[in-house]
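Keep in mind that what you see is a predicted model, and the values were worked out from it rather than measured.
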There are 2 protein chains.
Amino acid sequence: MVTIKDVAKAAGVSPATVSLALNNNDKVNRETRKRVQAVARSLNYIPNARAKALVEKSTKIIGLVIPEIHNPFFSEMAQAIKDYLQDSDYSIILCGTDNNPDLESKYINMFKGGLVDGAIFSCITNVNNEVVHDLARNYLPLVYIDRVAEDEEVIPMIKSNLAEGAYQLTRHLLDLGHRKIAFIGRTDEERFQGYLKGMQEAGCPVIESYIFDQSYTFDQGIAAGKTLLTLPEKPTGVVCFNDEVALGLTQFMVKAGRKIPTDLSVCGIDNTVSRYYNPEITTIDVPKQEMGRTAARLLLKMIKGEKIRAEERFIHFPVTLIKRDSTAPPR
Amino acid sequence: MVTIKDVAKAAGVSPATVSLALNNNDKVNRETRKRVQAVARSLNYIPNARAKALVEKSTKIIGLVIPEIHNPFFSEMAQAIKDYLQDSDYSIILCGTDNNPDLESKYINMFKGGLVDGAIFSCITNVNNEVVHDLARNYLPLVYIDRVAEDEEVIPMIKSNLAEGAYQLTRHLLDLGHRKIAFIGRTDEERFQGYLKGMQEAGCPVIESYIFDQSYTFDQGIAAGKTLLTLPEKPTGVVCFNDEVALGLTQFMVKAGRKIPTDLSVCGIDNTVSRYYNPEITTIDVPKQEMGRTAARLLLKMIKGEKIRAEERFIHFPVTLIKRDSTAPPR
DNA sequence: AATTTTATTTAAAACGATTTAAGTTACATT
DNA sequence: AATGTAACTTAAATCGTTTTAAATAAAATT
């Protein structure tokens, strides 16, 4: 491995000069600079990132904490974050918690050790709320995406209004004439609140919802479909936690001989895979890429120590109802 | 920030003793060890990862270089790699190249600087072949997934037999009676070779294929569908580069009034989203998770400096034809 | 010619850990 | 009592950079 000393020796200068020269500092003579740079190139010298990180107190890495790596919603956001950070030469450490609080706190401890310069959290668990706030207060800049911070002074939030989204879907179904509408997802999540609000406004009974602790996948949708068939009173419409669940549920129902939307209207949330189905599934669009970019921009700002204005600390992104072919009036 | 010196002072010992005590070295007296550990805990001491990395010449990070973050094939593999590395306390830096050779070589340079302890490459570009081999030879342990190394002595390869997969699909269509079969994808890729072989064996003409330079997405499938409709002689069967492309193409065809599989038989490759469609799409299963695990295992072994046996340097994983409802005899 | 100013260069400290070899005790052996 | 040995502890070197303050050399001013 060729170090700065090797370059110094070969160029006949001191390591200090090499460092300055390679960073194009004009304290060092133009000619010396060029010469040192040439020598460094000829020796294939590459500054050691680990040594650099130690002295600069920065690894040029940010942590991205998401529940599931293998989930189009998060991977689309991750892609946007990556694209944004590219120009600033930041890299991303990918931390998938699998909705496991222990894993999450393991990552948090890594972060405390100075592995990253900042982090973006996008998780549903609230178990480590205290710990995360401590992390933000005493260790690193942090930004939340779609997770509510107790104190946005400490952790800015990038939010999409998923409660509003679920509400719009519920309203959409109600407007079509549905009265028996089920919700598939977790009740401790704001999506459920939106559904609840819609049902209560219309004076309709809430239909027992199905809670998944771990993940929100196609297979969970199938499982939910099975449960749905066992209900004494069959719903005519259903709002799903996300698109994948909606697709799984729909696929199951179709195989079970139900017609979509004739027998059952289905809605997804997040507009990822919903257009992959036939019929295309009605859903709520969330500006994932814009949210990712915004989070990245904000985090970089915080890392640089720039002031974050109050109105930047809580950014709400609007959601959009996308009516497709999986919803229709009940029979 | 609390450092090892602070702990040393508070515990009334030297930094050396603290270091040894915290690493549970039995050179240091049992009682001293316990005391130091207690003091460290009470001060919330966390060893600085950057300093540690410098002295240990290891960041405990591995690089994962994939073409697209937002692609279920890769994210499923990434998930498996993450799961495997978890136990060894390794983290993943996610490097999405977007099939851009410049971006790829940017990552390579980062790696040369010692940012990671090893890397897994899963890319289709071959532009940086030389550079990557140099990286493997002179800097870090490297493993390939589904990419062919010139010299597997230097870079072990985890391969799925995608040529065989494409061949099986083509045979499947031929056996159903199809003669006009199109291939959607890149011709410089081994999938095309498998298709080619099948067509040649059957004495059927190859139907012009559509090349995507950047990504293999649903939208690219739609674009391919449009092109397909303009062909003078309509194919009755089509083999797509991957599932997402197959889904896009199918969705387009259905909207254009074609019946699947009656009017057109469609095949995907990689078994990711193909079962999301109605009808479910025939595809080739690739053991993504097993491949990811294997790559991670091999890489860790190399990082530890263990000997890699010759038969471990080129591991071929079998693929499986999954017949579903998108393929049938031509009309 | 002596002094000040300016332009370059560099020695040395710092970053915060690990590790090696040397130093210090305490205890057993002769 | 002198010596050897085992059990701990620590001083100091090391990792490879950056940065600051000091040193040096050259030019400009008096």
### Task
In sequence, state the C-alpha distance, the side-chain angles, and the governing distance for B:K301 and B:E312, and then conclude on salt bridge (Lys or Arg N to Asp or Glu O under 4.0 Å).
CA-CA 11 Å; B:K301 234 175 148 175; B:E312 289 179 287; 2.9 Å; yes

### Query
Atom NZ of A:K5 to atom C1' of C:dA11: distance rounded to whole Å?
13 Å

### Message
Rounded to whole Å, how long is the line connecting atom NZ of B:K9 with atom C1' of C:dG16?
### Response
14 Å

### Task
Could you tell me whether A:R293 and A:D83 make a salt bridge, using a distance below 4.0 angstrom between a side-chain N and a carboxylate O?
no

### Query
Between A:T3 and D:dC15, is there a side-chain N or O to OP1/OP2 distance below 4.0 Å?
no

### Query
Any salt bridge between A:D26 and A:R33, counting N to O under 4.0 Å?
no

### Task
Calculate the interatomic distance between B:R33 atom CZ and D:dT9 atom P; express it in whole Å.
10 Å

## Note on the structure
Expected string for nucleotides 18-28 of chain D under the B/S/- scheme (protein heavy atoms, under 4.0 Å, primed atoms plus P, OP1, OP2 as sugar-phosphate) is BBB--------

### Message
Given D:dT17, C:dG16, D:dC15, identify the nucleotide with an atom nearest to the side chain of A:N48.
### Response
D:dT17

### Note, B:L94 side chain near B:I69 side chain (heavy atom, < 4.5 Å)
yes

### Integer-rounded Å distance: C:dT8 C1' and A:R30 CZ
16 Å

Listing, residues 58-65 of chain B side-chain donor-acceptor contacts under 3.5 Å, not counting sequence neighbours, or none:
{"from": "B:S58", "atom 1": "OG", "to": "B:K60", "atom 2": "N", "distance (Å)": "3.4"}
{"from": "B:S58", "atom 1": "OG", "to": "B:D117", "atom 2": "OD2", "distance (Å)": "2.7"}
{"from": "B:T59", "atom 1": "OG1", "to": "B:I61", "atom 2": "N", "distance (Å)": "3.4"}
{"from": "B:T59", "atom 1": "OG1", "to": "B:L115", "atom 2": "O", "distance (Å)": "2.8"}
{"from": "B:T59", "atom 1": "OG1", "to": "B:D117", "atom 2": "OD1", "distance (Å)": "3.4"}
{"from": "B:K60", "atom 1": "NZ", "to": "B:S88", "atom 2": "O", "distance (Å)": "3.4"}

### Donor-acceptor contact present, side-chain A:S105 to main-chain A:D102, <3.5 Å
yes

### Task
Take atom CG of A:D26 and atom C1' of C:dA7, then tell me their distance rounded to the nearest Å.
11 Å

### Task
Measure the distance from CG on B:N24 to P on C:dT18 and round it to the nearest whole Å.
13 Å

### Task
Mind calculating the distance between CG (A:L54) and C1' (C:dC15) to the nearest angstrom?
4 Å

### Query
Do B:F111 and B:C95 come close enough that some side-chain heavy atom pair is under 4.5 Å?
yes

### Query
What's the CG-P distance between B:N25 and D:dT10, to the nearest Å?
14 Å

### Query
Does the side chain of A:K57 get closer than 4.0 angstrom to OP1 or OP2 of C:dG16 through an N or O atom?
yes

#### Entry: Flag for A:D146-A:S160: side-chain donor and acceptor within less than 3.5 Å
yes

### Message
Looking only at the side chain of B:N29 (C-beta and beyond, no hydrogens), which of the listed nucleotides D:dC8, C:dT9, C:dT10 gets closest?
### Response
D:dC8

### Query
Angle, rounded to 10°, between the helical axes spanning five pairs at each terminus of the helix from C:dA1-D:dT30 to C:dT30-D:dA1?
70°

### Note: B:E104-B:R147 ion pair, threshold 4.0 Å (strictly below)
yes

